[in-house]
Amino acid sequence: MYANANAAYLESRVHSADPVELVRILYESASGAVTDARRHLAAGAIAERSRSINKACAVLAELISSLDRERGGEIAQRLGQLYDYMYARLIEANRQQADAPLADVLGLLATLSEAWEGAGAVAQPAAAAEAPGARNRGAESYGAGSDGAGSYGAGNAWAPLPEPAPAQAYGSHAWSF
């Protein structure tokens with residue numbers, strides 16, 4: 001029963017989340033999987049450790065595939081490189097049965113999660129300043145400005161951009177960036 005209630009809560013949370021919150025959920029899931037992997041490693045539970053690492057790898061693969069490297073510019077490129085690095089460290093941890101790579105990935109996920117917390121907090125005031133009925137574009141609004149050269153609007157990376165066309169802005173995922 002607990003698993004069903006937890007799954008229902010998570011499903012509800014995902015369906016009602018904005019793009020920034022979806023990234024937070026993915027970071028939370030990856031962090032939980034890495035924490036579980038460390039616990040299983042310490043207990044000598046090889047199969048469980050491997051399953052937890054595979055789950056964390058799957059989350060990172062989803063984060064990698066959701067990056068819009070064209071609109072996201074240098075930020076998306078750097079996030080992609082960081083996700084690739086974490087993915088490689090998870091594979092290394094699984095292959096070597098070592099805790100250090102897992103601790104490294106967990107620290108990076110914590111740092112990224114804090115940054116996204118700040119991104120959500122900054123996005124909220126920007127959304128309040130928009131016209132009534134406008135969506136909170138938060139972190140997914142970064143990318144090329146009107147000059148196409150990666151301008152972020154008056155030196156503020158979180159300044160609202162004009163509303164993009166939905167299919168063009170979000171690719172195949174409603175929360176891609």
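Computed from heavy atoms alone, side chains included, the values below leave out hydrogens, waters and symmetry copies. All residue numbers refer to positions in the sequence shown, counting from 1. Computed from a predicted model, the values in this text were never measured in an experiment.
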Answer whether the closest heavy-atom distance between the side chains of S113 and L109 falls below 4.5 Å.
-> no
Nearest heavy-atom pair of S29 and V59: which atoms, and what distance?
-> OG-CG2, 3.7 Å
Please check if the side chain of D104 supplies one atom and the backbone of A100 the other of a donor-acceptor pair under 3.5 Å.
-> no
How about S52 and V34: do any of their side-chain heavy atoms sit closer than 4.5 Å?
-> no
Nearest-0.5 Å distance, CD1 of residue I64 to CD of residue Q81 | 11.5 Å
Check: A47 main-chain N/O paired with S50 side-chain donor or acceptor under 3.5 Å | no
Out of curiosity, Y83 OH to C57 SG, how far, rounded to the nearest 0.5 Å?
-> 14.5 Å
Go through the structure and list residues passing salt bridge (Lys or Arg N to Asp or Glu O under 4.0 Å) with R49, not counting sequence neighbours.
-> none
Can you check whether Y87 reaches V105 side chain to side chain, under 4.5 Å on heavy atoms?
-> no
Dump the intermediate steps for side chain to side chain contact (heavy atoms under 4.5 Å, CB included) on E21 and L26, then the final yes or no.
-> CA-CA 9 Å; E21 180 64 17; L26 288 170; over 6 Å; no
Would you call Q96 and I91 a side-chain contact if the rule is heavy atoms closer than 4.5 Å?
-> no
Got a second to check how far Q77's CD is from L67's CG, nearest 0.5 Å?
-> 8.5 Å
Enter the distance from L106:CG to M86:CE here, rounded to the nearest 0.5 Å.
-> 10.5 Å
Below 4.5 Å, heavy atoms only, C-beta onward: do Y27 and L63 meet side chain to side chain?
-> yes
Contacts of D84 that satisfy salt bridge (Lys or Arg N to Asp or Glu O under 4.0 Å) - sequence neighbours left out | none
Enclosure of I46 CD1 (heavy-atom neighbours >12, cutoff 6.0 Å) | no
Would you call P101 and L90 a side-chain contact if the rule is heavy atoms closer than 4.5 Å?
-> no
Would you check if L112 and L79 make a side-chain contact, meaning some heavy-atom pair closer than 4.5 Å?
-> yes
Is it true that a side-chain atom of T111 and a backbone atom of G107 form a donor plus acceptor pair closer than 3.5 Å?
-> yes
Closest heavy-atom pair, A76 versus R69, reported as atoms and distance to 0.1 Å, is CB-CA, 3.8 Å
Is the closest basic N to carboxylate O distance between E92 and R95 below 4.0 Å?
-> no
Does the distance from a Lys or Arg side-chain N to an Asp or Glu carboxylate O, for R78 and E74, drop under 4.0 Å?
-> yes
Take L102 and I53, measure what side chain to side chain contact (heavy atoms under 4.5 Å, CB included) needs, and give me the verdict at the end.
-> CA-CA 9 Å; L102 294 173; I53 289 174; 4.0 Å; yes
